[in-house]
Amino acid sequence: MKSLLIKSAIASGVVLSLATFTRPVMATSFTVSIENAGVQNAQLSNLVNAHVQTFDAQTTGNSAAGFQSNDGTTNVGSYKTTLIQNADQYGGAGGTGKYFDVNANISGQTVSTLNLATAQSYFGLWWSAGDANNVLTFLSQNKVVQTITTADVVSYIGKLANKASYYGNPNSTNQNTGEPYAFINFYDVAGTFDQVQFSNIGGTGFESDNHTVATSYQSITGNVVTKAVPESSSLLGVLVIGFVGASSVMTRRVNKKSVLQLS
């Protein structure tokens, strides 16, 4: 009986180890929501220690060195390998000012990086003129915790009843109607991140504006399109399954013993 229990425990441990090894770490740690069509900024009243980068004060053009992102006296972080554009049909919240871009045809860069001075749990941006080459990646201590592509954004918008309202630049009537424009909120409910990468490989641009970060938030706002499934919950489920499996073997062998005696 004792050896049987040991074997069952070992088998359960193997199942747990395999589950832990094969499942991507923090694969679904983010809850994602989209603001109503036409909205181009975050709901700041819901965010804690929020900071917004509008890019309007930055120098137009590309810079390998990038720039420091400050909010008053607060060091938010630094952008590396950047391209700043004047508002046009592809970007620029409100139809004015400047916006952030990743475009190899103009600057030669395919990746721009935001290195955050303090770990954050929220990031939002106005993702404009989304196309197939756009990729947004979140990292924590140099490890990828979440990757979002334009295909994901299109899928998110497709879940909304008024999906057609998100296509075309809301600041310019009948311009670029084949691409999505939306303010998207990313809530890391299972941890934090300290770096955001903006990638675009191909002959297009990854345009965005009003980058917003926050250390915390009061609630999830906007139209929720996907919910997080924290890693810990999944592992707990596997542990329970393993324990039940071991208990089941014991009860089959010793029918006279109750479940209470097994504990």
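Aromatic rings from Y122 and Y217 are positioned such that their centres are separated by 6.0 Å or more. Centroid-to-centroid, the aromatic rings of F30 and Y187 stay 6.0 Å apart or farther. Between W126 and Y181, the ring center distance clears the sub-6.0 Å criterion.
Remark: of the listed residues D131, N105, T150, D131 is the sole one forming a side-chain contact (heavy atoms from CB on, under 4.5 Å) with N200.
At a cut-off of 3.5 Å, with distance as the only test, a side-chain donor of N176 or E179 sits close to an acceptor on the other residue. Neither side chain, Q195 nor Q141, offers a donor N or O lying under 3.5 Å from an acceptor on the other. At a cut-off of 3.5 Å, with distance as the only test, no side-chain donor of N169 or S128 sits close to an acceptor on the other residue. Side-chain N/O atoms of N210 and T54 include no donor and acceptor closer than 3.5 Å. A donor-acceptor pair shorter than 3.5 Å cannot be found between the side chains of N223 and S33.
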Donor-acceptor pairs are to be reported for all side-chain atoms of residues 72-83 against protein atoms at under 3.5 Å, with residues two or more places apart or in another chain.
unit_1 : atom_1 : unit_2 : atom_2 : d
N75    : OD1    : Q68    : NE2    : 2.7
N75    : OD1    : G77    : N      : 3.2
Y79    : OH     : H211   : ND1    : 2.9

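Side-chain N or O atoms of N49 include none that pairs as donor or acceptor with a backbone N or O of T215 at under 3.5 Å. Not one N or O on the side chain of Q89 forms a donor-acceptor pair closer than 3.5 Å with the backbone of Q175. The backbone N or O of Y99 lies less than 3.5 Å from no partner atom in the side chain of Q85, so there is not a single donor-acceptor pair. Not a single donor-acceptor pair under 3.5 Å links the side chain of D152 to the backbone N or O of Y156.
Ring planes of F186 and F138: tilted class, angle from 30 to 60°.
No path of Ile, Leu, Val, Met, Phe, Trp and Tyr side chains, each step under 4.5 Å between heavy atoms, connects V39 with V52, placing them in separate hydrophobic clusters.
Taking Y166 as the reference, nothing meets the ring-ring contact (aromatic ring centres under 6.0 Å, His included) condition, with sequence neighbours excluded.
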